[in-house]
Structures are given as structure tokens and as C-alpha cells.
Amino acid sequence: MARPFNVRDIESKWQERWRTSGFYEVDNDDPRERFYALCMYPYPSGVAHQGHVRNYTFGDLVVRYQTMRGRAVLSPFGFDSFGLPAENAAIKAGSHPRLFTDQRILELKESVRQLGAVYDWRREVQSHDPTYMKYAQMIFLKFFEAGLAYRAKATVNWCPGCVTVLANEQVGADGTCERSGDLVERKELEQWFFRITDYAEELLKEIDTLEWPERVKTMQRNWIGRSEGVEFSLVVEGSPDLSIRVFTTRPDTGFGVTYAVVAPEHPLLETITTNEQKSAVAELVERTRVASELERTASSSGGDGLEKRGAFTGSYVINPFNGARVPVYVADYVLGTYGTGAIMAVPSEDERDYAFAHVHKLPIVRTVQIPEGFTGGAYTGEGPKINSDFLNGLDIATSKTLATEFLIEKAEGAVTVNYRLRDWLVSRQRFWGNPIPIIHCGACGLVPVPLDQLPVLAPDDVVMDKSGQSPLATHEEFRKVACPRCGADARREADTMDTFTDSSWYFLRFTDPFSEGLAFDPVAAASWMPVDQYIGGIEHAILHLLYARFYMKALIDVGLAEGLPREPFRRLFTQGMIRMDGSKMSKSKGNLVAPQQYYDSVGADGLRLFHLFVGPPADDVDWTQQTNDVIDGCGRFLDRLYRLAQGDECHFRTDESPADLALRRSVHKTIVRVSDGLDKWSYNTSVASLMELLNTVSKYAREGSGAFRPVFDEAIDTMLLLLAPMAPHVTAEMWEQRHGAASELHAQLWPVPDAALLIDDTVTMVVQVAGKVRARLEVPPDISEADATTAALADENVQRILLGAAPRRVVAVPPRMVNIVP
RNA sequence: GCCCGGAUGGCGGAAUGGUAGACGCGGAGGCCUCAAAAGCCUCUAUUCGAAAGGGUGUGUGGGUUCGAAUCCCACUCCGGGCACCA
């Protein structure tokens with residue numbers, strides 16, 4: 001494509017200028033109003049792909065726009081540089097992950113620079129940087145001292161592909177690993193956890209205060225999964241001292257309990273299992289132990305496997321509501337890790353219980369009147385209580401209250417809240433991560449590495465393989481250490497931290513990477529936090545965004561972040577992903593379209609404009625055959641603007657004309673429209689109004705009576721200002737051509753519309769007859785209702801359609817429209 | 001199964017109770033040129049009509065309203081999230 005200017009020369013000129021000018025570096029004592037703009041820091045995967053381009057285009061737009069709004073904008077960049085891909089690549093090549101990582105950081109940095117995105121690079125953070133590691137370890141130890149980090153044996157998720165344990169959040173709904181896609185196995189292992197469940201209530205409550213996309217908030221609420229109910233005791237028949245605690249959210253259905261279930265992991269299972277039932281129960285327990293999460297949680301609707309997935313224990317418990325004896329089963333549909341690990345089963349009003357009862361031929365007693373025509377099994381809807389003694393005829397809510405009181409009095413009942421959220425498993429059996437700074441001493445137990453010995457760094461000569469053992473575990477020199485407390489021979493912890501721990505506080509480090517001896521100075525951090533605009537992918541809706549919220553609260557509570565807001569990200573924007581042939585554009589799918597070819601043709605400015613223009617930023621983008629044409633179109637728009645601004649094709653006149661006022665009105669209306677679009681994340685319409693304005697100015701200056709220079713100049717300058725955050729290079733170049741090297745476009749303030757120019761002399765009023773448009777009239781904007789009606793009725797076409805008949809009714813909304821009802 | 005989005009020309013999309021289809025892509029025609037590329041101009045939902053003008057039209061069916069892409073009810077399809085959490 002032949003262009004009126006040299007894209008590469010212009011773009012590299014300005015990129016170099018931004019790199020060296022320090023214009024986008026902000027100090028912590030900057031007196032301007034502050035704005036913290038942040039894109040989620042990336043895993044360094046090499047040259048940027050279109051997803052990065054899209055993300056950083058939005059981020060850079062925010063930075064430049066807010067800067068022109070007069071704010072001190074904090075715009076840092078860094079790398080989430082620990083993680084499996086580098087380690088796996090290193091194993092394959094017999095090399096060290098640091099080499100891969102450092103190389104890829106350089107590549108990604110270069111891509112970002114070529115996009116023209118501006119950052120305060122003095123604040124750069126890399127997870128694998130020893131300084132950052134030191135403070136990450138220090139935070140771990142603070143959590144450990146505060147009891148927020150603990151070691152426990154638990155049934156955990158093990159990914160055979162990644163040869164490490166995973167957090168619950170990293171396991172998909174189908175029981176596969178979120179990264180590798182392997183089926184996750186369950187293992188009983190001793191691991192490190194963060195007590196995120198301590199914060200379940202706060203994490204849930206504060207979601208309401210966040211300006212986040214509704215669906216992200218919903219996903220977090222569901223993940224935390226709060227449910228309110230009653231815990232009470234079921235006394236075992238024949239053993240008055242023995243009872244099973246159960247949890248229910250439907251105490252009102254107590255009269256419908258026809259059996260009870262304990263989880264295969266339940267501590268009382270052995271005690272209550274009778275001799276005759278021992279083998280059946282043992283078989284069930286063994287089956288559950290080896291079954292994958294997937295098998296265990298497979299849909300309950302398939303009755304086929306269900307029969308085998310439960311066994312009678314031989315014991316009975318007494319239903320406190322009616323004194324009935326009901327059998328106790330063990331079944332794998334009850335989880336040992338939730339509630340009390342045991343339930344009262346009400347097949348009539350619970351679908352899972354219904355399915356189980358159906359297969360095991362257990363009785364079903366309805367306690368809610370089913371609606372007429374209801375044909376399903378369990379009925380979970382509203383209705384009057386039946387078969388329920390003192391609850392009969394009442395609604396469910398009232399019955400719940402009464403039944404709860406009953407249980408409190410008669411069955412050691414207590415109102416309880418349960419959460420689906422589990423503690424965060426943070427240890428990983430991998431090499432390329434931050435070592436957990438703990439020493440295991442036979443005498444002293446778990447001993448923190450003294451602060452002055454941080455960071456614990458992994459040695460470079462570690463054998464990384466996929467044996468499943470932590471690579472550090474086999475390095476004798478690393479592991480062997482004297483206990484800091486008693487001096488005896490001890491062993492260093494060999495596991496590393498989940499990389500999500502790194503991304504849980506990097507945004508705090510960005511605010512103050514300068515202080516010595518501190519992760520960050522709370523005063524400096526408080527001057528920037530919370531992040532005013534956080535931008536990233538929807539794929540982090542739960543994982544990163546939940547962990548970071550937890551870290552923020554925990555850091556405050558352990559005293560590292562006093563005075564900071566408890567929520568780190570005030571506003572979140574999640575961009576759509578890029579799809580090609582129906583699937584996400586990604587390195588693993590091999591369908592990447594590298595940005596370089598567009599840097600060469602339409603330039604970074606053209607490509608940025610495309611990402612802004614292609615559709616609403618939150619929507620997914622389909623990369624199709626049409627895409628290249630649209631990108632060319634964006635380049636064409638910049639070319640036209642450039643050519644027009646040269647003035648060679650314009651006719652200039654020295655006297656004023658009515659056309660000048662009309663143009664100025666278009667210009668000032670465009671200021672409003674573009675600003676609104678930028679404020680409301682409607683970048684596509686902002687670009688559209690600039691394109692429209694260019695068409696208008698072009699017509700004004702090249703056709704008809706021609707252009708008046710000052711009006712033309714105002715139009716061009718305004719367009720450059722409005723376009724500056726979107727296409728920063730070419731606009732900066734044009735500004736310099738017009739105003740000289742002393743004036744820098746990006747240092748200008750955002751244009752302010754002249755209110756007087758936002759009002760037109762006449763507006764188009766629509767005349768409808770019976771709701772159909774029959775005429776359009778030019779009327780003054782302050783036309784009265786009577787005048788509007790008169791003008792409407794006088795219209796020739798309206799007259800013709802009315803056939804002289806008097807209107808039955810006239811609705812006038814001056815000056816927009818008049819609707820005549822014949 | 002439950003929850004949340006969404007459905008508008010050939011395509012991406014605009015319009016959140018008042019002119020449906022802004023803007024762009026694609027397409028058609030024209031100007032410029034020896035010719036092409038580039039650029040520029042005009043047209044481009046559909047249908048009847050020579051035109052003036054009219055009919056139809058925002059997934060489907062109903063409703064509210066002077067007036068509905070927009071609000072309400074029911075349904076269909078598409079996308080996403082969650083899914084034995086008692």
C-alpha cells in the first residue's frame with residue numbers, strides 16, 4: 001500500500017523519543033491527581049500475539065488519555081516469569097529455564113515497544129528476579145507466622161502431565177488440568193496451604209463494592225459458594241452416646257428424611273459399620289479412593305453406576321422430627337470435605353437424594369405439595385408443607401425458621417454457614433518457581449529461614465525431570481542445612497510456590513520498587529492504590545483475581561500494608577479474546593497471526609486503530625478473511641487524515657462563510673462523542689465518529705466554497721488531539737509538523753467542547769402518521785408543541801395520507817417528533 | 001440441569017422508548033490514467049414503481065404504548081460459566 005508518509009521512520013522516531021524522554025515516568029511525589037492504569041502482567045511467551053496487542057492497545061489508550069486529562073498516570077510493566085512452559089522447554093533442550101525466560105522477555109519487550117505502548121520502565125518487575133523473590137518469600141513467612149500459611153496432609157489434585165499438585169482453582173469442571181488438559185488424579189499428600197477460607201465472607205461481601213463486569217462477579221460469588229443452613233445431630237440407634245452431625249440448607253424438609261449418608265472419608269464410618277456390611281462398605285471406600293475426581297463427580301442422572309456407588313452401613317439413626325429410624329448409607333456423592341461430611345437425605349426434595357433413593361429402592365415422602373401436573377422426581381420449588389406435623393400448611397421460609405428452632409432445641413442444632421471455597425494449595429513440585437523459605441528440623445519442626453538469609457535461591461545445577469519429585473529434593477547441597485533455631489542437621493523445603501503467589505502482589509511492588517528492605521512502602525503504595533483501571537483477560541476471572549484480593553487483605557492483616565484499601569482493583573475491564581476458525585487464537589493451537597506484518601504495512605497505529613474499531617472491546621474478535629481488509633481500511637483512514645492536513649487538496653478562502661459554523665459544530669460534537677466513547681469503553685464508536693468527522697472536514701475543505709484557514713486548523717488539531725491516545729505516532733508527527741518541535745501532542749490537554757457550538761439552528765423533526773414516518777421537517781430546536789403540531793399537519797404528504805380527516809390525537813415531542821393518530 | 005450473556009444488511013457493527021442500519025469492510029458504477037495501481041466521487045436492507053411514492057423488515061409468537069431493535073411474557077438457536085457443595 002502506497003502511503004503518504006513513511007510509517008517505519010515515523011514510528012521508530014517517536015518510540016525512541018518516548019523511550020528516552022521520561023515523559024511517562026511518574027514519581028511518587030507527583031502533585032497531579034493520580035491514576036493507576038494496569039494491564040495484567042504477562043507470562044513471557046516471546047513475541048507478542050494479537051491478544052497482547054489488543055490488551056496493551058487498550059491499556060496504552062487509557063494511559064495516554066488520562067495523561068491528557070491532566071493526571072499523573074502510573075503505567076508499569078513486568079513479567080510473570082516463573083512457570084512451567086520455561087521449565088518444560090529447558091528439560092527438552094537440556095538447558096536452564098532462566099535462559100529461555102530472559103530471551104522471551106526481551107522479545108516481548110521489543111514487541112510492546114513496537115506497538116508504541118508507553119511505560120515507566122524504571123518500575124519493571126520480574127517474578128524470577130532475586131529481589132522480587134526475596135520479598136515474595138518474606139511475605140510467605142509473614143503469612144506463616146500469622147498462621148495463614150500452614151502445612152497439612154490432604155487429598156489433593158495431582159496432574160500427571162505437569163508432575164505437580166494443583167490448586168482446586170486450576171482443575172476444570174471436567175476434572176482435567178486447566179493447563180495441560182490431563183485428567184487430574186487424587187493423592188494423599190502433605191502440602192502447603194494459604195488460609196484463604198478465613199476470608200471467604202469478606203471476599204464475598206466486598207464483591208458488591210467493585211466496578212467489575214457482572215459476570216466476573218457472579219463467577220467469584222459462585223466459586224466462594226456461601227450457603228446458610230443448620231447443623232444438627234442424628235443419634236445412632238442403639239448407641240445413645242454416638243451421633244452423626246449433618247448439615248442441611250432445608251431443615252423444613254426434616255419430616256421427609258428417609259435415610260442418611262456419610263462420606264467414604266467420614267471418621268465414624270468404621271464405628272457404625274456392622275460386621276455383615278464390612279465388605280460392601282470397604283469395597284465402596286476403596287473404589288472411591290482410586291476413582292478420579294471425574295468419575296466421582298460424574299452426573300448423578302445416570303442411574304447405572306449409582307447402585308455401586310453407595311452401600312448400607314448396617315446402622316440406623318433416629319430422625320429427630322418424627323422419631324423414625326432411618327438407615328445410614330455410605331455414598332461417594334457426599335463429600336468428606338464439605339459441611340460435616342454427612343447429610344440427612346430427603347429424596348422428595350433433593351435431586352441427588354432422589355436419584356440415589358430411586359436406585360436403592362428407598363422410600364420417598366413428600367413434604368411440599370407438588371404443583372398440578374408436576375411429573376419430575378424431586379420437587380425443589382415453593383408450595384405448602386404437607387406430611388410435616390407442626391409445619392403443615394406453612395410456606396417454606398416460615399417452616400425453615402420453625403424447623404431450625406426445633407433442631408436447636410431438640411437435636412443440638414446450630415445455625416451454620418458453609419463455603420464451597422477451599423484453602424489455596426500453594427506448594428508445587430517444580431523447579432522454576434520461588435522456593436518456599438522453610439527449614440524442616442527434626443527437633444524444632446517447621447522453621448522459617450531467617451530474614452537476613454533471604455532470598456532462598458535454587459542452585460543452577462539441578463536435575464529437572466518428570467519423576468514427580470520436587471527437583472530441589474534431590475540436590476543434597478541445597479537441602480542440607482543447619483537448623484537456624486537449634487543448629488542440628490535439618491532439611492530445606494524442596495517445593496516451590498504456585499506462580500499465582502507472584503501475581504498476587506506485583507501491582508503493589510510497582511507502586512514502590514525503590515525502597516530498600518521493604519516489599520513496598522505502605523505509604524507509597526497507599527498513594528496509588530487501588531488500581532483505578534485493571535485490564536486483562538476473562539480467563540483470570542477466578543484464579544488470579546480471587547488470589548490477589550486475598551493477598552491484599554492478608555497483607556494488611558499481617559501488618560505489611562497498613563493503610564491500604566482492602567480491595568486492590570477498583571475497576572476491572574475484561575477484554576474479549578481473539579478467535580480464529582472458532583477457537584481461541586493461541587500459541588498452543590498454532591493459529592497465531594503475528595503483529596509484525598501489520599507493523600510493516602499499516603504500522604502500529606493502523607493495527608491499534610483496528611483493535612479499537614473492530615467492535616466493542618469486551619466482545620470476542622473473529623479473525624477472518626475480512627480482517628486484513630479492515631486493517632487496511634484503518635491505515636487508509638490515517639493516510640486520508642495525513643493528506644488532508646497537508647492542505648494541498650483544499651481550497652482556502654480568506655472570508656468567512658456559514659459553512660464554517662456548521663463545521664465547527666461538527667468538530668465540537670465530535671469532542672463530546674469521542675470522550676463519551678472513551679469513558680464508556682465504547683472505543684469502536686469513538687473511532688467511528690472520528691472517521692465521520694474526517695469525511696465532513698474533507699468535504700468542507702475540498703468542495704463547495706472551500707475552507708477558512710482558522711476553522712480548518714481547529715478541525716485538524718482537534719482530530720489529532722482526539723486521536724492521540726489511539727494512534728499516537730502519526731498524530732505526534734503531524735502535530736510536530738504543524739506546531740514545531742517545541743510543542744508535544746501528548747503533553748497537550750484533552751480538548752474541551754464549546755457548549756454554544758453543541759446546539760444547532762435547526763433540527764430534523766420527524767412526522768409520523770399512525771407510527772409511520774411520513775415527513776421530515778427542519779425546525780428550530782426550541783419549537784413549541786403547538787407550532788410543531790401545526791407544521792406537521794401542514795405537510796403535504798401528511799395531508800395526502802390523512803385525506804382531509806381530522807386527527808383523533810396528536811402526540812408532539814418537540815423538537816424530535818410529532819405522531820398523528822388518524 | 002442451573003446461572004449469565006447474545007441474536008440487527010453479504011460481513012464487523014451503530015442506535016437503550018421517538019429518523020433502524022452511523023462508521024467500516026465487501027460490492028456496483030463513474031472520474032483520473034496510454035494502461036494499471038493508488039486516489040477521488042456516487043450508489044448499495046429488501047420489494048413494487050419510470051418517478052413521486054408505497055409495502056415489508058432488528059431470531060419466533062404474543063403483550064404494553066400514540067410510538068418498541070430497545071420494556072414485559074413465552075419459545076428457538078448460539079456463546080460462556082457452574083455443576084453431586086447437601
Side-chain angles (χ1 to χ4, degrees), chain A residues 1-4 173-174 213-219 221-223 225-227 229 246-250 253 261 296-301 306 309 331-335 337-346 350-353 355-356 380 418-422 538 541-542 579 610 613-616 618-622 624-634 636-637 639-640 643 649 673 682 684-695 698-699 702-703 764-776 797 800-801 807-813 816-821:
Chain A
M1 192 162 50
R3 306 198 63 179
D174 57 353
E214 213 42 58
R215 68 178 169 145
V216 176
K217 296 210 261 184
T218 306
M219 282 162 78
R221 285 192 191 103
N222 290 342
W223 187 261
R226 182 185 201 272
S227 67
V246 294
F247 173 72
T248 182
T249 55
R250 290 291 303 271
T253 61
V261 188
R296 181 162 174 183
T297 59
S299 172
S300 54
S301 55
L306 259 174
R309 290 208 248 132
D332 66 359
Y333 81 89
V334 171
L335 307 175
T337 46
Y338 184 79
T340 59
I343 60 159
M344 65 176 215
V346 186
D350 183 284
E351 275 160 30
R352 299 147 301 182
D353 295 345
F356 189 86
T380 54
N418 270 306
Y419 300 91
R420 214 187 74 112
L421 183 71
R422 299 293 142 77
I538 186 80
I542 294 175
R579 281 187 317 221
F610 162 77
F613 180 62
V614 66
D619 288 7
D620 287 349
V621 177
D622 270 311
T624 65
Q625 302 90 324
Q626 193 185 243
T627 300
N628 281 341
D629 287 333
V630 179
I631 295 173
D632 284 345
C634 291
R636 204 148 47 225
F637 164 71
D639 292 352
R640 289 181 61 209
R643 268 195 305 265
E649 299 157 20
R673 288 167 65 190
S682 175
N684 51 330
T685 57
S686 289
V687 177
S689 9
L690 281 166
M691 288 174 166
E692 210 175 335
L693 181 61
L694 176 64
N695 291 338
S698 174
K699 219 166 244 163
R702 297 153 42 116
E703 294 170 22
T764 306
M765 184 175 80
V766 174
V767 182
Q768 300 178 345
V769 178
K772 283 189 202 308
V773 178
R774 297 300 180 178
R776 295 184 170 93
N797 202 34
R800 193 177 57 74
I801 284 158
R808 264 199 303 141
R809 189 178 166 190
V810 178
V811 181
V813 187
R816 305 191 71 172
M817 56 80 61
V818 172
N819 189 13
I820 298 161
V821 187

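Per chain, numbering begins at 1; letters A, B, ... match sequence-line order.
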- prompt: Given B:A14, B:U19, B:C40, which nucleotide is nearest the side-chain atoms of A:N684?
  reply: B:A14
- prompt: In Watson-Crick or G-U wobble terms, both distances under 3.5 Å, what is the partner of B:G1?
  reply: B:C82
- request: Classify the nucleic acid contact of A:I801 as base, sugar-phosphate or nothing, counting any heavy atom under 4.0 Å across all strands shown.
  value: sugar-phosphate
message: Does a side-chain N or O of A:R774 approach OP1 or OP2 of B:G53 to a distance below 4.0 Å, or not?
response: no
task: State, with a plain yes or no, whether a side-chain heavy atom of A:V630 is found less than 4.5 Å away from one of A:T627.
output: no
- line: Out of B:C25, B:G67, B:A86, minimum distance to the side chain of A:R636 belongs to B:C25
query: Looking only at heavy atoms, which two atoms of A:R420 and A:N222 are closest? And how far apart?
result: NE-O, 3.5 Å
task: Give a yes/no answer on whether the side chain of A:N222 brings an N or O atom under 4.0 Å of OP1 or OP2 in B:C2.
output: no
N or O in side chain of A:K772 less than 4.0 angstrom from B:U56 OP1/OP2: yes
query: Is any side-chain N or O of A:S227 closer than 4.0 Å to OP1 or OP2 of B:A86?
result: yes
query: Does a side-chain heavy-atom distance below 4.5 Å link A:R3 with A:D639?
result: yes
B:A86 and B:G79, which share atom name C1', separated by this distance in whole Å: 31 Å
field: A:N819 side-chain proximity, nearest of B:A86, B:C82, B:G67
entry: B:G67
- line: Which of B:A83, B:C3, B:C40 is nearest the side chain of A:W223? It is B:A83
task: With P as the reference atom in both, quote the distance from B:G1 to B:C11 in angstrom, rounded to an integer.
output: 31 Å
message: Output the rounded distance in Å from CD (A:Q626) to C1' (B:G9).
response: 13 Å
field: Pairwise C1' distance for B:G21 and B:U46, with rounding to whole Å
entry: 13 Å
query: A:E703 CD to B:C41 P: how many Å, rounded?
result: 6 Å
message: What is the distance, to the nearest angstrom, from the CZ atom on A:F613 to the P atom on B:C25?
response: 8 Å
- request: Answer with base, sugar-phosphate or nothing: what part of the nucleic acid does A:G633 contact at a heavy-atom distance below 4.0 Å?
  value: sugar-phosphate
field: Pairing partner (Watson-Crick or G-U wobble, both distances under 3.5 angstrom) of B:U56
entry: B:A45
message: When both hydrogen-bonding distances must be under 3.5 Å and the geometry is Watson-Crick or G-U wobble, what is B:C31 paired with, if anything?
response: B:G39
field: Which residue lies more 5' along RNA chain B, comparing A:P616 with A:D353 via nearest heavy atoms
entry: A:P616
- prompt: In whole Å, what separates the P atom of B:U33 from that of B:A37?
  reply: 15 Å
query: Mind checking whether A:I343 and A:Y333 have side chains closer than 4.5 Å, heavy atoms only?
result: yes
- line: Checking N1-N3 plus N6-O4 or O6-N4 for Watson-Crick, or N1-O2 and O6-N3 for wobble, each under 3.5 Å, the partner of B:G9 is none
message: Tell me whether the side-chain N or O atoms of A:D629 pair up with the base of B:C25 as donor and acceptor below 3.5 Å, since no angle test is needed here.
response: no
- prompt: Can you check whether A:I820 reaches A:I801 side chain to side chain, under 4.5 Å on heavy atoms?
  reply: no
statement: note: A:F637, atom CZ; B:G24, atom P; distance rounded to Å ~ 9 Å
message: Using whole Å, what does the distance between atom C1' of nucleotide B:G80 and atom CZ of A:R579 come to?
response: 10 Å
- request: Can you tell me, in whole Å, how much space there is between the P of B:U19 and that of B:A35?
  value: 47 Å
message: Please pick, from B:G24, B:C66, B:A86, the nucleotide with the shortest atom-to-atom distance to any side-chain atom of A:V811.
response: B:C66
query: Going by a 90° cut-off around 0, is B:G9 syn or anti?
result: syn
- line: Against the side chain of A:R702, the closest entry in B:U19, B:C41, B:C66 is B:C41
message: Considering every strand and a 4.0 Å limit on heavy-atom distances, what is the contact class for A:N797: base, sugar-phosphate, or nothing?
response: sugar-phosphate
message: It should be established whether A:R800 places a side-chain nitrogen or oxygen under 4.0 Å from OP1 or OP2 of nucleotide B:G54.
response: yes
query: B:G9 and B:C23: how far apart are their C1' atoms, nearest whole angstrom?
result: 14 Å
- request: Looking only at non-hydrogen atoms, find the nearest pair between A:N819 and A:A770 and report the distance.
  value: OD1-N, 3.7 Å
Rounded interatomic separation in angstrom, taking CG from A:D619 and P from B:G13: 6 Å
task: Please state whether the rings of A:F247 and A:Y338 are parallel, tilted or perpendicular, taking 30° and 60° as the class boundaries.
output: perpendicular
- line: Taking B:A83, B:C84, B:G24 as options, the one with an atom nearest any side-chain atom of A:V630 is B:G24
- prompt: Can you tell me the Watson-Crick or wobble partner of B:U16, both distances under 3.5 angstrom?
  reply: none
message: Nearest whole Å is fine: how far is B:C41 C1' from A:K699 NZ?
response: 9 Å
message: Applying a 4.0 Å non-hydrogen cut-off, can you work out what A:M817 is touching in the nucleic acid: base, sugar-phosphate, or nothing?
response: base
Nearest atoms (heavy-atom pairs only) where A:R250 meets A:M344: O-CE, 3.5 Å
message: Under 4.0 Å, counting only non-hydrogen atoms across every strand here, what does A:E649 touch: a base, just sugar-phosphate, or nothing?
response: nothing
task: Could you tell me which nucleotide pairs with B:U64 by Watson-Crick or G-U wobble geometry, both distances under 3.5 Å, or answer none if nothing does?
output: none
- request: Using the P atom as the reference point in each nucleotide, state the distance between B:G80 and B:G27 in Å, no decimals.
  value: 32 Å
- prompt: For A:N695, which contact category applies under a 4.0 Å heavy-atom criterion: base, sugar-phosphate, or nothing?
  reply: sugar-phosphate
query: Which of the following nucleotides, B:C82, B:G24, B:C41, is nearest to the side chain of A:R420?
result: B:C82
message: Please report the distance separating the C1' of B:U44 from the corresponding atom of B:A68, rounded so that it comes out in whole Å.
response: 27 Å
query: For B:G81, does OP1 or OP2 lie under 4.0 Å from any side-chain N or O of A:R215?
result: no
- request: Please name the pair of heavy atoms, one in A:D353 and one in A:A345, separated by the smallest distance, quoted to 0.1 Å.
  value: OD2-CA, 3.3 Å
query: Using a cut-off of 4.0 Å on non-hydrogen atoms, how would the nucleic acid contact of A:V813 be classed: base, sugar-phosphate, or nothing?
result: base
query: Whole Å only: how far is the CG atom of A:D620 from the C1' atom of B:G80?
result: 9 Å
query: Choosing from B:A14, B:C23, B:C40, which nucleotide comes nearest the side chain of A:R640?
result: B:C40
task: Under a 3.5 Å limit for both distances, which nucleotide forms a Watson-Crick or G-U wobble pair with B:A51, could you say?
output: none
- prompt: If every non-hydrogen atom of A:S686 is compared with every non-hydrogen atom of A:R673, which pair is closest and at what distance?
  reply: OG-O, 4.1 Å
- prompt: Taking the side chain of A:I542 as heavy atoms from C-beta outward, which of B:C84, B:C82, B:A14 is closest to it?
  reply: B:C82
- prompt: For RNA chain B, whose closest nucleotide is more 5', that of A:V614 or that of A:G225?
  reply: A:V614
query: How would you label the contact of A:R422 with the nucleic acid (heavy atoms, under 4.0 Å): base, sugar-phosphate, or nothing?
result: base
Pairing partner (Watson-Crick or G-U wobble, both distances under 3.5 angstrom) of B:A22: none
- request: Check every strand shown and say whether A:R808 touches a base, only sugar-phosphate, or nothing at a heavy-atom separation below 4.0 Å.
  value: nothing
